[in-house]
Amino acid sequence: MIETERLTLRPLSLDDVEAWTRFMTDGDARAGLHTPDPVSAEDAATALERFVEVAEMYTLVVREDGETAGFVGFIPRTMDWGDELELGWMLLPAHRGRGYATEAARALRATKDRRIISLIRSDNPASQSVARRIGAERERVFEYWGYETGVWVS
């Protein structure tokens with residue numbers, strides 16, 4: 001568990017199925033992802049199981065009210081140029097614009113002493129701003145899952 005000024009980052013677990021399903025079934029919540037289409041509740045539960053198993057993901061809990069604001073964490077990626085570790089963040093729409101993604105990403109970034117990437121769609125300025133605030137710079141642009149995507153490196 002990691003605590004920041006306003007958030008508790010606790011390891012993602014199967015107990016997060018309700019908030020995870022809310023995110024995964026909401027087209028507005030998923031709009032900036034490389035897989036933006038909402039999924040069924042059953043597919044959301046399957047995805048949660050996969051993320052718990054293969055990623056180092058955390059649930060962002062707002063300390064003030066105990067609400068789940070979203071999810072952040074590290075996902076191993078095999079890219080054309082080699083293996084990478086991606087830092088990603090996904091916030092529920094009601095919790096965006098408050099700096100939670102930056103606060104959580106900054107706290108997690110500090111736990112790794114290695115190259116970290118974030119794969120951010122070119123049409124997602126909010127996530128690009130988070131990347132800049134945590135000290136990442138865009139290294140290149142390529143097509144990923146059909147979207148022009150920046151590889152942001154910190």
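The first residue of the sequence shown is numbered 1, and numbering continues consecutively from there.
Of the inter-residue distances, the one linking R114 atom CZ with S154 atom OG reads 10.5 Å to the nearest 0.5 angstrom.
R30 places a side-chain N or O within donor-acceptor distance of the main-chain N or O of T35, the cut-off being under 3.5 Å. In this structure, T46 contributes its side chain and A44 its backbone to no donor-acceptor pair below 3.5 Å. Without hydrogens or angle criteria, R106 side chain to R109 main chain gives no donor-acceptor distance under 3.5 Å.
Using a cutoff of 4.0 Å between basic side-chain nitrogens and carboxylate oxygens, R63 and E5 are not scored as salt-bridged. With respect to E84 and R77, no salt bridge is recorded, no charged nitrogen being found less than 4.0 Å from a carboxylate O.
Taking 4.5 Å as the limit, every side-chain heavy atom of F142 sits out of range of all side-chain heavy atoms of Y147.
Every residue meeting the salt bridge (charged side-chain N to carboxylate O under 4.0 Å, His left out) condition with D123, not counting sequence neighbours, appears here in chain and number order: R121. Legend: residues meeting side chain to side chain donor-acceptor pair (under 3.5 Å) with S129, ordered by chain and number and at least two apart, are absent. For the side-chain contact (heavy atoms from CB on, under 4.5 Å) test, residues two or more places apart in sequence or in another chain that qualify with E139 are R115, V151, V153. By the side-chain contact (heavy atoms from CB on, under 4.5 Å) test, D26 is found to be paired with D28, A29, P93, residues two or more places apart in sequence or in another chain being considered. Here R10 pairs with D16 under the salt bridge (charged side-chain N to carboxylate O under 4.0 Å, His left out) rule; sequence neighbours left out. For D37, there are no side chain to side chain donor-acceptor pair (under 3.5 Å) partners, not counting sequence neighbours. In this view, T25 and T21 satisfy the side-chain contact (heavy atoms from CB on, under 4.5 Å) rule, not counting sequence neighbours. When the side chain to side chain donor-acceptor pair (under 3.5 Å) test is applied to T111, no partner is found at least two apart in sequence or on another chain. By the ring pair (Phe, Tyr, Trp, His ring centres under 6.0 Å) test, H34 is found to be paired with Y144, residues two or more places apart in sequence or in another chain being considered. Residues forming a side-chain contact (heavy atoms from CB on, under 4.5 Å) with P125 (at least two apart in sequence, or on another chain): none.
Cluster partners of L12, using a side-chain heavy-atom cutoff of under 4.5 Å among ILVMFWY residues and allowing indirect links, are L14, V17, W20, F23, M24, L33, V39, L48, F51, V52, M57, F71, I75, M90, L92. In the hydrophobic clustering, where aliphatic and aromatic side chains (Ile, Leu, Val, Met, Phe, Trp, Tyr) are joined below 4.5 Å either directly or transitively, F74 groups with I2, L7, L9, Y58, L60, V62, V72, L85, L87, W89, L91, Y100, L108, I116, I120, V130, I134, W152.
The shortest non-hydrogen separation linking A55 to P76 is CA-CD, 4.4 Å. Considering all non-hydrogen atoms of both residues, E86 and L119 come closest at OE2-N, 3.2 Å.
When the shell of 6.0 Å around CD of E49 is examined, it contains more than 12 heavy atoms from other residues, nucleotides or ligands.
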Step by step, would you call S122 with V141 a side-chain contact (heavy atoms from CB on, under 4.5 Å)?
CA-CA 8 Å; S122 294; V141 176; 4.2 Å; yes
If you apply the rule side-chain contact (heavy atoms from CB on, under 4.5 Å), what do you find for E64 with R6, and how did you get there?
CA-CA 7 Å; E64 182 177 78; R6 301 177 299 158; over 6 Å; no
